[in-house]
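Notes to accompany the following structure.
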Amino acid sequence: MINEGGLKENDRAPAITVTLSDGSSIDLSAPGQPLVLYFYPKDDTSGCTREAQDFTELAGDFAKAGVKVVGLSRDPIKKHDKFIAKYDLKVPLASDEDGAISDAFGTWVEKSMYGRKYMGMERATYLIGADGRIIKALAS
């Protein structure tokens with residue numbers, strides 16, 4: 001379940017164009033094909049690396065189904081490029097350095113670790129239809 005302030009199934013994705021690590025761009029409100037957009041906290045951490053590797057393993061299956069997969073964090077594109085090269089990732093990554101996308105989706109949330117509260121990215125995955133409507137919203 002996505003946090004209370006986050007976008008939910010049947011909502012429209014915001015009209016935000018994201019630039020991907022492969023140089024292409026996508027308008028989230030009208031991606032033109034089904035899109036899996038997954039939000040993750042940080043490049044090159046164990047959980048985020050495993051998630052990116054899992055999506056890479058399934059990239060061919062998604063492509064056969066006509067679905068584009070994009071990972072998104074607040075890390076800069078240069079860091080994404082190193083992450084992609086280090087693990088030979090087959091899915092493009094997008095940067096949300098200014099926080100506009102994670103704010104719009106409601107995935108930038110207050111977290112707590114060892115009693116310390118801080119803001120961070122909620123791990124979430126959205127399936128967005130070609131028309132920009134959110135088909136499925138999942139958070140872990």
Side-chain angles (χ1 to χ4, degrees):
M1 175 163 165
I2 302 296
N3 81 69
E4 283 185 32
L7 294 178
K8 306 207 179 355
E9 293 167 16
N10 296 316
D11 287 347
R12 295 207 51 85
I16 297 174
T17 299
V18 296
T19 302
L20 309 181
S21 54
D22 64 9
S24 65
S25 61
I26 296 175
D27 176 355
L28 298 179
S29 67
Q33 73 182 94
L35 171 68
V36 169
L37 179 64
Y38 74 93
F39 291 80
Y40 66 97
K42 195 168 179 57
D43 289 345
D44 216 2
T45 59
S46 60
C48 297
T49 298
R50 184 70 245 156
E51 184 176 30
Q53 289 171 325
D54 288 347
F55 275 115
T56 290
E57 288 175 23
L58 296 171
D61 294 333
F62 280 109
K64 283 181 199 168
V67 177
K68 184 160 186 83
V69 176
V70 173
L72 184 137
S73 78
R74 288 197 174 189
D75 290 319
I77 288 290
K78 281 188 173 189
K79 190 167 181 197
H80 285 337
D81 290 342
K82 290 177 185 176
F83 185 45
I84 289 167
K86 182 176 181 178
Y87 294 101
D88 194 27
L89 301 178
K90 303 299 182 205
V91 295
L93 303 177
S95 178
D96 184 30
E97 286 186 84
D98 68 2
I101 303 163
S102 50
D103 286 346
F105 276 82
T107 57
W108 191 250
V109 299
E110 184 177 272
K111 294 180 159 193
S112 179
M113 184 184 299
Y114 306 117
R116 184 179 71 84
K117 292 188 186 290
Y118 64 98
M119 296 301 290
M121 187 75 77
E122 177 179 43
R123 195 178 302 278
T125 303
Y126 290 86
L127 174 58
I128 302 170
D131 63 353
R133 188 156 312 276
I134 296 172
I135 298 168
K136 193 75 177 166
L138 305 162
S140 56

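All values below were derived from every heavy atom in this structure, side-chain atoms included, with hydrogens, water molecules and symmetry-related copies excluded. Numbering of residues begins at 1 and proceeds along the displayed sequence.
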**Study point:** More than 12 heavy atoms from other groups under 6.0 Å of NZ on Lys79
**Key:** yes

Review point. Which residue pairs satisfy the side chain to side chain donor-acceptor pair (under 3.5 Å) criterion with at least one member in residues 66-78, sequence neighbours excluded?
Key: Ser73-Asp75, Arg74-Ser102, Arg74-Asp103

Practice item. For Lys90, enumerate each residue passing the side-chain contact (heavy atoms from CB on, under 4.5 Å) test, keeping only those at least two apart in sequence or located in another chain. Key: Thr56, Ala59, Asp88

Point to revise | Atom pair CE/CE of Met119 and Met121 - distance to nearest 0.5 Å | key: 10.5 Å

Check your understanding: Honestly curious: do Leu93 and Leu127 fall in one hydrophobic cluster under the side-chain, below-4.5 Å linking rule?
Key -> yes

Review point. Partners of Lys82 by side-chain hydrogen bond (donor to acceptor under 3.5 Å, both in side chains), sequence neighbours excluded?
Key: none

Revision key, fill the gap. What one should report as the nearest heavy-atom pair of Asp98 and Ala100 is OD1-N, 2.9 Å

Check your understanding: With Glu57, which residues qualify under side-chain hydrogen bond (donor to acceptor under 3.5 Å, both in side chains), at least two apart?
Key -> Arg50

Exercise for review: Starting at OH of Tyr40, measure out to CZ of Phe83 and round the result to the nearest 0.5 Å.
Suggested key: 5.5 Å

**Study point:** For Asp44, salt bridge (charged side-chain N to carboxylate O under 4.0 Å, His left out) partners two or more places apart
**Key:** Lys86

Study note, to complete from the structure: Applying side-chain contact (heavy atoms from CB on, under 4.5 Å) to Leu58 and not counting sequence neighbours gives Asp61, Phe62

Check your understanding: Can you hop from Leu72 to Val69 via hydrophobic side chains spaced under 4.5 Å?
Key -> no

Check your understanding: Got a sec, which residues hit side-chain contact (heavy atoms from CB on, under 4.5 Å) with Lys111, two or more places apart in sequence or on another chain?
Key -> Pro41, Val109, Tyr118

Point to revise | Residues forming a side-chain hydrogen bond (donor to acceptor under 3.5 Å, both in side chains) with Ser24, sequence neighbours excluded | key: Asp22

Exercise for review: Only counting residues at least two apart or in another chain, list the ones meeting side-chain hydrogen bond (donor to acceptor under 3.5 Å, both in side chains) with Arg133.
Suggested key: none

Revision key, fill the gap. Closest non-hydrogen contact found for Ala13 with Ile134 is N-CG1, 4.4 Å

Point to revise | Asp11 side, atom CG; Phe105 side, atom CZ - distance, nearest 0.5 Å | key: 9.5 Å

Determine all donor-acceptor pairs shorter than 3.5 Å in which one atom belongs to a side chain in residues 29-39; sequence neighbours excluded.
unit_1	atom_1	unit_2	atom_2	d
Ser29	OG	Asp27	OD1	2.8
Ser29	OG	Asp27	OD2	3.3
Gln33	NE2	Gly66	O	3.1

Point to revise | Qualifying residues under salt bridge (charged side-chain N to carboxylate O under 4.0 Å, His left out), relative to Glu9, sequence neighbours excluded | key: Lys136

Review point. What heavy-atom pair brings Arg123 and Cys48 nearest, and what distance separates the two atoms?
Key: NH2-SG, 3.5 Å

Check your understanding: Between atom OH of Tyr126 and atom CG of Leu138, what is the distance when rounded to the nearest 0.5 Å?
Key -> 9.5 Å

Point to revise | OG1-CG distance between Thr107 and Asp96, expressed to the nearest 0.5 angstrom | key: 7.0 Å

Exercise for review: Go through the structure and list residues passing side-chain contact (heavy atoms from CB on, under 4.5 Å) with Asp81, not counting sequence neighbours.
Suggested key: Ser21, Ile77

Review point. What heavy-atom pair brings Leu7 and Pro14 nearest, and what distance separates the two atoms?
Key: CD1-CD, 3.6 Å

Practice item. Please name the residue in the list Ile128, Ile26, Val91 that meets the side-chain contact (heavy atoms from CB on, under 4.5 Å) test with Val70. Key: Ile26

